[in-house]
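As structure tokens, the structure follows; a few thoughts come after it.
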Amino acid sequence: MSKRSAAITVTNLNSKKAKHWSLGLLESMKDPESVVKRTKQTVVIKDKYPKAKIHYLVLPQDDINSIYKLDKSHIKLLEEFGDVFKDIQNETDLPLRAGFHAVPSMQRMHMHIISTDMVSPCLKTKVHWNSFTTKHFRPYADVLEELKEKGCIEKMSPELHKSLMSTELQCNQCSYKPKNMPQLKEHLLTHQK
DNA sequence: GTTCTAGAAC
DNA sequence: GTTCTAGAAC
């Protein structure tokens, strides 16, 4: 047995089985350091790796895995998400957007509330950028409307998702098309007052 | 979702 | 030679 595999074996024997990363939001919902506020049906937490100056997540207290589990019985719940958005917008002068990722990575339905500056050290990759600035970001109002109209939320095809993630970089505030992520991040600073 | 890093791009 | 991106992670 090599030194490397022996070390891994010892580590695994000594540590409890790690929870999968995709369950992380459920842990954050129970962590007082993360929780910003609670309402009757929601919990608001700080995003652990904020992609803008303000970045919160709104989650249902009930065990709903994603927007694709919603039906017409959840319209009241979703409207409460809208109330939370209004309340948080009223707490800051920074313009905010609220919406859901069409293909989320983390379990438990969650709505992003994020400021439009997109200035953050945690914003690093093209996938980060395109997740929030292409049709992969489904605005709150659109999701509420679709739920009211259709009684459910339609999934995005893997093909469209892949194509959105590889969209060329485009500034969210002007027509500038940066060559790469460092250029985009530098450019975003110029939009600040 | 993040971290790490090989090798592409410059 | 350095910067940057993209794919594996058992």
Side-chain angles (χ1 to χ4, degrees), chain A residues 1-36 42-60 63-69 81 97-115 117-138 140 143 153 155-172 176-190:
Chain A
M1 188 180 278
S2 71
K3 282 182 182 177
R4 178 165 173 79
S5 59
I8 288 168
T9 302
V10 170
T11 300
N12 290 344
L13 286 172
N14 292 344
S15 61
K16 290 173 184 173
K17 192 175 180 181
K19 287 168 186 169
H20 194 260
W21 56 263
S22 70
L23 299 169
L25 296 182
L26 283 77
E27 294 299 310
S28 296
M29 287 175 76
K30 294 182 285 188
D31 178 5
E33 291 290 307
S34 297
V35 174
V36 173
T42 81
V43 180
V44 183
I45 64 174
K46 291 180 283 193
D47 193 294
K48 196 173 177 183
Y49 297 91
K51 304 302 188 295
K53 288 182 174 179
I54 293 176
H55 190 178
Y56 297 123
L57 301 177
V58 187
L59 308 95
D63 182 13
I64 301 170
N65 199 52
S66 77
I67 53 173
Y68 304 109
K69 300 291 186 186
F81 274 52
R97 295 187 305 141
F100 299 85
H101 284 165
V103 182
S105 299
M106 307 289 279
Q107 298 190 54
R108 182 59 66 100
M109 172 182 166
H110 57 282
M111 181 175 79
H112 295 267
I113 295 181
I114 185 165
S115 54
D117 52 87
M118 303 300 280
V119 169
S120 166
C122 299
L123 178 72
K124 295 175 178 177
T125 71
K126 187 177 193 176
V127 167
H128 288 156
W129 183 256
N130 285 336
S131 293
F132 287 96
T133 61
T134 68
K135 287 178 177 173
H136 179 262
F137 188 85
R138 304 210 46 193
Y140 164 74
V143 172
I153 305 300
K155 284 195 176 181
M156 175 174 284
S157 74
E159 291 75 21
L160 177 54
H161 177 236
K162 189 179 175 186
S163 132
L164 289 173
M165 290 305 100
S166 58
T167 303
E168 65 177 351
L169 296 175
Q170 166 70 63
C171 177
N172 63 328
Y176 179 61
K177 292 182 175 179
K179 288 273 193 301
N180 53 38
M181 285 303 295
Q183 275 193 24
L184 171 58
K185 288 173 68 66
E186 190 66 30
H187 169 79
L188 289 168
L189 298 175
T190 68

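Just so it is clear, the values below take in all heavy atoms, side chains as well, and ignore hydrogens, waters and symmetry mates. Lettering follows sequence order; numbering is per chain, from 1.
- Using a 3.5 Å distance cut-off with no hydrogens or angles, the side chains of A/Thr134 and A/His136 do not pair a donor with an acceptor.
- Judged as a side chain to side chain donor-acceptor pair (under 3.5 Å), the pairs with a partner in residues 43-60 of chain A (not counting sequence neighbours) are, in order, A/Asp47-A/His55, A/Lys53-A/Gln192, A/His55-A/His112.
- Nucleotide B/dG1: unpaired (no Watson-Crick or G-U wobble partner with both distances less than 3.5 Å).
- In this structure, A/Leu184 CG and A/Lys179 NZ are separated by 13.0 Å, a value rounded to the nearest 0.5 Å.
- Among the protein residues, A/Lys124 comes within range of the sugar-phosphate backbone only, with heavy atoms under 4.0 Å from sugar or phosphate atoms but none that close to a base.
- Counting non-hydrogen atoms under 4.0 angstrom, A/His128 reaches the backbone sugars and phosphates but no base.
- Among the atoms of the strands shown, only primed sugar atoms or phosphate atoms (P, OP1, OP2) are found under 4.0 Å from some heavy atom of A/Pro182.
- Atom CD of A/Gln107 is separated from atom CG of A/Leu59 by 12.5 Å, given to the nearest 0.5 angstrom.
- Note on A/Lys179: nothing from the nucleic acid sits closer than 4.0 angstrom, heavy atoms only.
- Note that the first and last nucleotides of DNA chain C, 5' to 3', having any atom under 4.0 angstrom from a heavy atom of chain A are C/dC4 to C/dT5.
- Using cut-offs of 30° and 60° for the angle between ring planes, the A/His110 and A/His101 rings count as perpendicular.
- When the ring pair (Phe, Tyr, Trp, His ring centres under 6.0 Å) test is applied to A/His128, no partner is found at least two apart in sequence or on another chain.
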